[in-house]
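Remember, predicted model here, so these are calculated numbers, not experimental data.
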Amino acid sequence: MTTSENLSDATTGTDTSAEGAQSFEYADSRDTTEGRVYTVSGGDWDDVVSDAQHDERMVINMGPQHPSTHGVLRLVLEMEGETVTQLRSVIGYLHTGIEKNCEYRTWTQGVTFVTRMDYLAPLSTEMAYCLGVEKLLGIQAPPRAELLRVMLLEINRIGSHLVYIATGGMELGATTAMTLGFREREEVLHLLEHLTGLRMNHAFIRPGGLAQDMPADFEEKVTAFCKVMDSRLPLYDKLFTGQPIWRNRLKGVGVLPLDACLALGVTGPILRSAGLPWDLRKTEPYSRYDEIEFDVPTSTDADCWARYLIRVEEMHQSLRIIKQVLKMLEPGPVMVEDKKVAWPAQLSIGSDGMGNSLEHVKKIMGQSMESLIHHFKLVTEGFHVPAGQVYSPVESPRGELAAHLVSDGGTRPLRVHVREPSFVNLQSMPAMAEGGLVADVIAAVASIDPVMGGVDR
């Protein structure tokens, strides 16, 4: 017997000796012409079935491949007839490890990861992350950059709410909602592409400001966008708000009163539909939101209908904010002056769409060895962030989105954790759905508007 036979398998930690091999139970198996086949059953499913208390109740899966569960959400329903007696949310099918990946990148590179969490509102996650980094650095973005951030966030909010109407409408049978919603969202994505260079996952908000200034014709483009949306948003009231089928499908469905919202930590339109006007843009203003006039719509109905009305009104309020920002904008830098933080250095748009300005490249390559060394180290190693931790919240389209960042004084985060509203709000699914009909589960999920990239991160 060789020494290795007495050792545990380093990859699995199991005892591979002759005696050890028989010391634990294998899964059920059967021999076939192709070899031995093992049957491994899903443990969570077995637990759910064993929990079923009554023979007359059914346990069924809704998702994760179901088109009405917003991507990869699995709902396990215990039903008596068509009434849901128990509901469990099963997540993790889209797990990406973004937060852990950020620990192996510089603080600036982390933006390219966090923007992929909530892929319907990427700029909100960028904003929360960058505000946290700026608090740790003790810096503040220039006034122009702060206003441009607000403008981009509100354009993004409109696009996110349009997807809520489009997908929620189609899930409930209103296929025209999908057509119209995505038509308007294309207007949003075209505009964001013109302003930032990308339709989604922009990585445009950076620690210290923005990657670059707006294109020369941005005011004209944004004004045209506001006019288009002002003309098209009333169509949603005509098609849905005054439509009896739509109203009956949502009214009194998925009720979550204020005390339940507070107990579960639910925020965003769901909380405001229960009567609490909690909006971080008003209650804990950031990035000059306190200088802008807008209303926070609320309701006391606490149902799917109220959440729909609130999101429609929020799009009108976002347009109102965007128009004010255009009037408030003044010339100035969009990145802090500190060259030890500002990265990439002096971006400008070239023939390829983006790139460092040729004048700057010529200078650091031909005239200043120190500038070249600094530029190289800033890009490859990143800047040092003072040790400490910070919690920086913003109001995303789904509620309170915050970044908890921990620094040990190095050029990479020690820990990144994002408080994602989709993840927290999803806890309200059982409270909304249990006791109701299975058809109303679809309406309740749509009213939460979860983005599974944010849930699974």
Side-chain angles (χ1 to χ4, degrees), residues 70-71 114-128 148-171 176-205 210 214-215 218 221-237 239-240 268-269 279 281 287 289 294 297 307-323 325-326 394-399 401 420-422 446-454:
H70 285 253
V114 298
T115 188
R116 286 165 168 77
M117 293 182 181
D118 183 343
Y119 38 76
L120 293 184
L123 289 160
S124 294
T125 324
E126 293 175 27
M127 184 69 168
L148 289 175
R149 285 176 171 185
V150 169
M151 182 185 76
L152 292 170
L153 285 170
E154 295 309 316
I155 294 171
N156 206 176
R157 189 183 311 277
I158 294 172
S160 178
H161 285 345
L162 286 168
V163 174
Y164 151 76
I165 294 177
T167 55
M170 184 157 142
E171 288 156 9
T176 314
M178 191 72 161
T179 311
L180 289 184
F182 274 88
R183 179 188 70 175
E184 266 68 85
R185 183 176 180 243
E186 277 301 304
E187 299 284 349
V188 172
L189 295 184
H190 281 314
L191 180 61
L192 287 175
E193 184 178 21
H194 183 71
L195 300 180
T196 71
L198 291 169
R199 287 162 60 89
M200 297 168 65
N201 304 335
H202 313 274
F204 191 75
I205 298 176
L210 301 175
M214 295 284 113
F218 85 97
K221 295 284 187 181
V222 174
T223 302
F225 167 77
C226 291
K227 288 182 180 177
V228 169
M229 295 307 298
D230 279 333
S231 67
R232 291 185 181 176
L233 281 181
L235 290 175
Y236 292 89
D237 284 325
L239 192 61
F240 301 114
D279 187 317
R281 296 173 296 172
S287 197
Y289 268 112
F294 65 98
R307 290 165 212 145
Y308 158 74
L309 293 176
I310 283 173
R311 287 188 175 100
V312 171
E313 179 56 30
E314 282 187 4
M315 287 193 283
H316 288 287
Q317 295 300 323
S318 290
L319 288 172
R320 183 179 169 193
I321 293 171
I322 293 167
K323 293 171 187 173
V325 167
L326 289 177
V394 301
E395 185 70 32
S396 91
R398 271 154 284 285
L401 188 155
E420 244 290 345
S422 291
S447 74
I448 295 175
D449 189 26
V451 173
M452 299 313 295

Heavy-atom count check: over 12 atoms from other residues, nucleotides or ligands less than 6.0 Å from Lys323 NZ? yes
State whether the number of non-hydrogen atoms from other residues, nucleotides or ligands found under 6.0 Å of Met170 atom CE is greater than 12. no
I want to check something: taking the side chain as every heavy atom from C-beta on, are [X] and [Y] in contact at a cut-off of under 4.5 Å?
{"X": "Ile165", "Y": "Glu184", "result": "no"}
{"X": "Leu233", "Y": "Leu319", "result": "yes"}
{"X": "Arg311", "Y": "Asp449", "result": "yes"}
{"X": "Pro297", "Y": "Glu314", "result": "yes"}
{"X": "Asp230", "Y": "Lys227", "result": "no"}
{"X": "Thr125", "Y": "Thr115", "result": "no"}
{"X": "Val325", "Y": "Val222", "result": "no"}

Distance check, rounded to the nearest 0.5 Å: [X] atom [atom1] versus [Y] atom [atom2]?
{"X": "Phe218", "Y": "Leu191", "atom1": "CZ", "atom2": "CG", "answer": "10.5 Å"}
{"X": "Asp237", "Y": "Leu309", "atom1": "CG", "atom2": "CG", "answer": "8.0 Å"}
{"X": "Leu153", "Y": "Ile205", "atom1": "CG", "atom2": "CD1", "answer": "5.0 Å"}
{"X": "Thr176", "Y": "Leu239", "atom1": "OG1", "atom2": "CG", "answer": "6.0 Å"}
{"X": "Thr223", "Y": "Ile322", "atom1": "OG1", "atom2": "CD1", "answer": "10.0 Å"}

Taking [X] for its side chain and [Y] for its backbone only, find out whether a donor-acceptor pair lies under 3.5 Å.
{"X": "Arg157", "Y": "Glu395", "answer": "yes"}
{"X": "Tyr236", "Y": "Leu162", "answer": "no"}
{"X": "Ser231", "Y": "Val228", "answer": "yes"}
{"X": "Asn156", "Y": "Leu123", "answer": "yes"}

What are the two closest non-hydrogen atoms of [X] and [Y], and how far apart are they?
{"X": "Leu195", "Y": "Pro215", "answer": "O-CD, 4.0 Å"}
{"X": "Pro397", "Y": "His161", "answer": "O-CE1, 3.5 Å"}
{"X": "Phe240", "Y": "Ala177", "answer": "CZ-CB, 3.1 Å"}
{"X": "Phe294", "Y": "Arg281", "answer": "CZ-CB, 3.5 Å"}
{"X": "Met178", "Y": "Ala166", "answer": "SD-O, 3.5 Å"}
{"X": "Leu152", "Y": "Phe204", "answer": "CD1-CD2, 3.7 Å"}

Test log, rule side-chain contact (heavy atoms from CB on, under 4.5 Å), inputs Tyr289 and Asp279: CA-CA 11 Å; Tyr289 268 112; Asp279 187 317; over 6 Å; no
Looking at Arg320 and Glu313, does any basic side-chain N land under 4.0 Å from a carboxylate oxygen? no
Please lay out, stage by stage, how Arg199 and His190 fare under the test side-chain contact (heavy atoms from CB on, under 4.5 Å). CA-CA 7 Å; Arg199 287 162 60 89; His190 281 314; 4.1 Å; yes
Return yes if a side-chain donor-acceptor contact under 3.5 Å exists between [X] and [Y], otherwise no.
{"X": "Arg398", "Y": "Ser124", "answer": "no"}
{"X": "His202", "Y": "Glu126", "answer": "no"}
{"X": "Arg149", "Y": "Ser287", "answer": "no"}

Going through the distances and angles, do Glu193 and Leu198 end up as a side-chain contact (heavy atoms from CB on, under 4.5 Å)? CA-CA 4 Å; Glu193 184 178 21; Leu198 291 169; 6.0 Å; no
